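Just so it is clear, the model here is predicted, and its values are computed rather than measured. Read the numbers this way: they start at 1 and go in the same order the structure lists the ligands and their atoms. Values below: all heavy atoms of this structure, side chains included; hydrogens, waters and symmetry mates excluded.
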Amino acid sequence: MAALPSGPRVLLLGAGLAGGLLALALAERGARVTLAGEPAASEGATAVSYGGVPWWGGGADPLGQLQTQAPSAWGALEARHGPLGWRQAELWLHGSRPAGDRLALPHAPVGSWLTASEAREREPLLALPEPLGVLVLPYARIDPLTLLASLERTLPALGVTRCGPLEGPGALDQARRHHDHTVVCAGAHGVRLLQHLGLPLPSGLDHSWAGVLQHRGSALAAERIVMPLQPLRPSREREEVGPTAVLDAGLAPAPGGGVLLGQSSWFGLPLAPPAANADRALLDAAARALLGPQGAAGDGWTLVQRPVAFCRDGRPLVGPIPGAEGVSLFCGFAGPFALVPVLAPLLAEALVSGGLAPLADLGVLPSRLPAR
Ligand SMILES: Cc1cc2nc3c(=O)[nH]c(=O)nc-3n(C[C@H](O)[C@H](O)[C@H](O)COP(=O)(O)OP(=O)(O)OC[C@H]3O[C@@H](n4cnc5c(N)ncnc54)[C@H](O)[C@@H]3O)c2cc1C
């Protein structure tokens with residue numbers, strides 16, 4: 001009979017990508033884990049994500065170096081726990097041809113250029129006007145529904161206890177008292193949970209509302225994600241002020257089949273989505289830009305809106321909240337499908353064995369930011 005875990009009792013609030021992989025890492029280290037959140041995280045950002053793994057998308061600093069290890073981290077997880085949704089893919093970045101067919105990122109590979117008509121030959125859905133084209137780069141994606149379904153099967157087998165979302169100050173406080181550590185890994189809902197727990201909010205943590213249109217009857221010709229060469233969302237996330245909504249026209253395989261047409265990002269809204277007709281109007285512009293005049297996003301396209309957390313300095317929040325005994329954060333990632341698999345083991349190690357030095361060296365501790 002397998003020995004029961006005897007490590008610290010850890011409560012994870014949020015069962016999406018972050019909570020799921022942190023639960024795995026903690027259970028592997030003998031922690032007694034309770035994972036709170038709805039089954040298969042159907043309400044979260046993870047379930048509708050493109051799932052792209054931007055392992056080469058970080059900077060030259062230690063965090064960017066660590067991010068390059070995402071493919072081997074996913075490979076090791078799949079070797080231990082079975083398929084988690086990893087797919088080789090291509091990233092197609094549409095726009096004007098960049099010098100040297102490369103991006104200004106230290107770890108980015110050199111790409112290859114396709115003209116608009118060459119791109120259409122390979123991907124009949126994509127109708128870009130000349131002289132635009134696409135820069136093709138190696139990529140990978142995690143199919144989010146495969147990941148979430150696999151975690152729902154794997155985690156109980158590792159001794160992780162599952163329960164539904166914990167809401168309200170009373171229930172949250174009581175649950176927190178029954179555990180040695182509580183980790184808020186609820187994406188954009190983290191701010192609300194911290195408020196309910198009566199804890200300080202890190203000044204840079206915020207969220208935007210992402211909008212995509214999903215079509216079950218269409219499919220991309222291959223496993224690929226189409227995005228702009230110069231996306232607007234990352235720079236808007238770093239500014240306190242700016243447009244309320246930005247559009248990064250893109251296409252991706254839809255979780256569970258079909259195609260996603262995206263992505264709108266709405267800023268400065270509370271935890272309620274933007275008006276559906278305004279979001280659809282914005283996404284219609286993406287349809288015209290990518291699918292051509294006949295591709296207007298009318299019949300058969302369903303609007304999906306989800307809040308996505310980010311941190312204004314572009315770095316995630318990983319580790320204890322100053323002044324909040326026993327409560328940590330694991331949220332605010334830029335490129336979570338590359339960062340979460342490499343950071344979850346470091347946070348799990350810190351919670352089970354102590355020692356924050358590896359997280360401090362990466363510059364991800366919440367203590368770097370003042371409370372709001
Ligand atoms: C359209 C779209 C495309 C994207 N594309 C990419 C991409 O290509 N690559 C990439 O890296 N990232 C991408 N992202 C971002 C990425 O999907 C998210 O940042 C990531 O999935 C967030 O994971 P999470 O676990 O932190 O949060 P979530 O997946 O949002 O999970 C948080 C969970 O916490 C739950 N919760 C809320 N309240 C409570 C409570 N009281 N108790 C317990 N649980 C609670 C929520 O219901 C939710 O299920 C995309 C996002 C969107 C929307």
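- Numbered from 1 in the order shown, with element, the atoms of ligand 1 that lie under 4.0 Å from a heavy atom of Gly187 read 26 (O), 27 (O), 32 (C).
- Residue-level proximity to ligand 1 for Ala210 is carried by the side chain, the only part with a heavy atom below 4.0 angstrom.
- Every atom of ligand 1 with a heavy atom of Gly51 under 4.0 Å away is listed here by number and element: 7 (C), 8 (O).
- Counting atoms of ligand 1 from 1 in the listed order, those under 4.0 Å from a heavy atom of Val212 are 1 (C).
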- Message: Using salt bridge (Lys or Arg N to Asp or Glu O under 4.0 Å), reason through Glu28 and Arg80 one step at a time and then give a plain yes or no.
- Response: CA-CA 10 Å; Glu28 287 182 325; Arg80 293 201 296 279; 2.6 Å; yes
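- Distances between N or O atoms of Ala18 and those of ligand 1 include at least one value under 3.5 Å.
- Remark: ligand 1 atoms within the under-4.0 Å shell around heavy atoms of Arg192 are 37 (C), 38 (N).
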Legend entry - Steps toward side-chain hydrogen bond (donor to acceptor under 3.5 Å, both in side chains) verdict (Thr182, His179): CA-CA 7 Å; Thr182 298; His179 293 83; 5.5 Å; no
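- No heavy atom of Gly262 sits closer than 4.0 Å to any atom of ligand 1.
- Between Val308 and ligand 1, no N or O atom pair is found at a separation short of 3.5 Å.
- Under a 4.0 angstrom heavy-atom cut-off, Cys331 registers as lying outside contact with ligand 1.
- The protein heavy atom nearest to atom 8 (O) of ligand 1 is Gly52 N, 2.9 Å.
- Of the candidates Ala254, Ser265, Gly44, the one placing a heavy atom closest to atom 48 (C) of ligand 1 is Gly44.
- Annotation: Glu167 places an N or O atom under 3.5 Å from an N or O atom of ligand 1; distance criterion only.
- Checking side-chain atoms of Arg102 against main-chain N and O of Pro109 turns up no donor-acceptor pair under 3.5 Å.
- Contacts between Leu193 and ligand 1 below 4.0 angstrom, taking non-hydrogen atoms only, involve the side chain exclusively.
- Shortest contact from atom 15 (C) of ligand 1 to any protein heavy atom: Pro336 CG, 4.0 Å.
- Of the candidates Arg233, Glu43, Glu38, the one placing a heavy atom closest to atom 49 (O) of ligand 1 is Glu38.
- At least one N or O atom of Ser49, backbone or side chain, sits closer than 3.5 Å to an N or O atom of ligand 1.
- Looking only at heavy atoms of the protein, atom 22 (C) of ligand 1 is closest to Thr46 OG1, 3.9 Å.
- The distance from ligand 1 to the heavy atoms of Ala36 drops below 4.0 Å at these ligand atoms: 43 (C), 44 (N).
- With hydrophobic clusters built from ILVMFWY side chains whose heavy atoms lie under 4.5 angstrom apart, Leu132 does not share a cluster with Leu126.
- No path of Ile, Leu, Val, Met, Phe, Trp and Tyr side chains, each step under 4.5 Å between heavy atoms, connects Trp92 with Leu135, placing them in separate hydrophobic clusters.
- Taking the ring centre of Tyr50 as origin, the terminal cationic atom of Arg141 falls outside the region bounded by 6.0 Å and 45° from the ring axis.
- Remark: Gln174 CD is loosely packed, at most 12 non-hydrogen atoms of other residues, nucleotides or ligands lying under 6.0 Å away.
- Residue contacts with ligand 1: His196 is excluded, as none of its non-hydrogen atoms falls under 4.0 Å.
- Heavy-atom proximity to atom 40 (C) of ligand 1, evaluated over Leu166, Leu22, Ile225, is greatest for Leu166.
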